[in-house]
J.: 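Submitted below is the structure of interest, expressed as structure tokens.
All values below were derived from every heavy atom in this structure, side-chain atoms included, with hydrogens, water molecules and symmetry-related copies excluded.
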Amino acid sequence: MITVENLVKEFGTKRAVNGVSFTVQKGEVLGFLGPNGAGKSTTMRMLTGYMPPTSGKVSIGGREVTEDPIAAKKLVGYLPESAPSYSDMTVRGFLSFCAELRGLSGSARNDAIQRVAGLCFLENVLHQSVDTLSKGYKHRTCLAQALIHDPEVLVLDEPTDGLDPNQKHEVRQLIKRMGQTKAIIFSTHILEEVEACCSRAIIIDRGVVVANGTPEQLKLRARNAGSVTLRLTGAAAEAVRGKLSGLSLAGEVSLGADGSVVTARILPRDKNVGLELGRAIGDLALTERWKVEELHTEEGRLDDVFRAITTADTKKS
Amino acid sequence: MSESFRNIWTVTKRELSGLFASPVAYVFLVIFLLLLGFLTFSLGGFFERGQASLSESFFYWHPWVYLLLVPAVGMRLWAEERRQNTLELLLTMPIAPWHAIVGKFLASWLFLVLALVLTFPIVITVGRLGSPDYGSIISGYIGSALLAGSFLAVTELTSAMTRNQIISLIMALVVCFGLILCGFEPVTNLIQDTLGDTFVSLLRSLSTWYHFDAFKRGVVDFRDLLYFGSVTGFCLFTTSVVLRGVRGA
């Protein structure tokens, strides 16, 4: 549904987005990650036809955004970064205005307003003026606007920003549910959100895509992913080291001893061994009759990956 | 075409409801009518003139009143969209930017026309006191509406240039004041000796004052219509260019 090819945006001499390419299929939820100023919002503004790209192509449902903006925009629901809405209108008036611009009128418009008010929990404030609402309600009002025409493509810039934990949970569930039938791209700083509802994630830094894959694939890129922690008693540290180093799957082994308790950390030789290393160590412990207190395989954490990828880049320059 | 019209009308409706949702619109109407009434009867010397005509007592003041009030009506048109970031929302809707530009213009212009229509008691008054030339009154009203439209278009342009309404107001005021002054007789008489006839007549032809003058006298000339139309069209077109810059930056 969304195809982005070699997208570039320059502001003066600064390249905010530098050759970004990706695609999002129907039924996919793409998480868009990156530090502040990495070019996330700029990319989303180009996707939605607000900002013209310096070069590169964006097409939505086969329609190029720069060539046929109106047809492309019809397919997209967009929640901008600051979740703006007209403060002098009521929630209902605002949604009605957006629905009419989307070509809905009469009972279709009223049905659409009822539907999104239900989805975004706005029923109680429909007749309230937007400027009397709290931040969370304002945010959901703007989200409701993005859903009003039941679009095939959703572009959400920080959809859970400013919401309380319950609302965050609801919005994540909503995104996940809608992701089954739509193509969704959303940006966030919250990494657990990516694990909770994305089928794929992209990390962007300084305008360049630095990682692209499922959350599981990305987690494997963590330095400690797949490493095994073993804590035991009843064996000498050096003997344990010798046995562990003898395993064919094991790489570097680091050891700590506290009295009779030995803690070992074993890195896998190869990132792709998965849980095999843990099993091999378990078998070894059984045959050696070690008294195991803890045996645990590290999954790898997304924020470690995020930090490693994005700060490594900062250090380079 | 019908889709364009529907989009424009949707924007117009929103702007109008926004205008009347706050007391500003009513305050504006009251000030407009009081100010015009005061100027007509005291400074304009409506009764002292003893003429069944509105051109020098009533229409004379329109450019000055518009100069004060039209920038106040139009200053928020785009500045407020930019300040509240709703510009991003509006321009990612499936409408062409010119739909929004024309829709906003139309809403404020209809409002100004409403204010103008509410001055009808003066027409009744002059009709009761004598037998005026209704043709020149009608042409005066047409000219006044066009004049208001061109000042409004200038204001819409300055409003797109900034996120600050006050800056937009001041810029519009300066431009509109310039458009009046370059055809205002006391000014043109002053510079005629030093700058020469050709330059002054060129300057005068750029002035709203000069082109409105014909309407006041009851002359609806194609050239004057073209003048107001092109000032308005130019400003609205330039607004779209400015907005393109805002989106790119």
J.: Would you check if Gln84(B) and Pro84(A) make a side-chain contact, meaning some heavy-atom pair closer than 4.5 Å?
T.: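 No, their side chains stay 4.5 Å or more apart.
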J.: Has Lys13(B) got more than 12 heavy atoms of other residues, nucleotides or ligands less than 6.0 Å from its NZ?
T.: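 Count over threshold, so yes.
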J.: Of the listed residues (Thr86(B), Leu89(B), Asn85(B)), which shares the most heavy-atom pairs with chain A below a 4.5 Å separation?
T.: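 If we count pairs closer than 4.5 Å to chain A, Thr86(B) comes out on top.
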J.: Using only non-hydrogen atoms and a strict under-4.5 angstrom cutoff, which residues of residues 67-78 of chain A touch chain B?
T.: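 Expected list: Ile70(A), Lys73(A), Lys74(A), Tyr78(A).
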J.: Under a 4.5 Å heavy-atom cut-off, does chain B meet the side chain of Thr48(A), its backbone, both or neither?
T.: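 Looking at Thr48(A), backbone and side chain both touch chain B.
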J.: Which pairs, with at least one residue in residues 102-120 of chain B and sequence neighbours excluded, count as a salt bridge (charged side-chain N to carboxylate O under 4.0 Å, His left out)?
T.: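 Qualifying pairs, neighbours excluded: Glu15(B)-Lys104(B), Glu81(B)-Lys104(B).
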J.: Using a heavy-atom distance cut-off of less than 4.5 Å, which residues of residues 89-107 of chain A contact chain B?
T.: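 When heavy atoms of chain B are the reference, residues 89-107 of chain A contributes Met89(A), Phe94(A), Phe97(A), Cys98(A), Glu100(A), Leu101(A), Arg102(A), Gly103(A) within the under-4.5 Å range.
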J.: Please name the pair of heavy atoms, one in Pro52(A) and one in Gly248(B), separated by the smallest distance, quoted to 0.1 Å.
T.: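 Nearest pair, atom of Pro52(A) first, then Gly248(B): CD-CA, 4.2 Å.
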J.: Taking only heavy atoms into account, what residues of residues 117-151 of chain A are found under 4.5 Å from chain B?
T.: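 Residues of residues 117-151 of chain A touching chain B at under 4.5 Å: Cys142(A), Gln145(A).
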J.: Could you look at Thr54(A) and say if it's the side chain, the backbone, both or neither that has a heavy atom under 4.5 Å from chain B?
T.: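 It is neither, since no heavy atom gets under 4.5 Å.
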J.: Answer yes or no: are there more than 12 heavy-atom neighbours, outside Phe22(A) itself, under 6.0 Å from its atom CZ?
T.: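 Buried by this count: over 12 neighbours within 6.0 Å.
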J.: Please lay out, stage by stage, how Leu90(B) and Tyr50(A) fare under the test side chain to side chain contact (heavy atoms under 4.5 Å, CB included).
T.: CA-CA 9 Å; Leu90(B) 187 62; Tyr50(A) 177 68; over 6 Å; no
J.: Do the side chains of Arg14(B) and Asp88(A) get nearer than 4.5 Å, heavy atoms only?
T.: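 Yes, close enough: below the 4.5 Å cut-off.
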J.: Can you confirm whether more than 12 heavy atoms, excluding those of Phe237(B), are under 6.0 Å from its CZ atom?
T.: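 Count not over threshold, so no.
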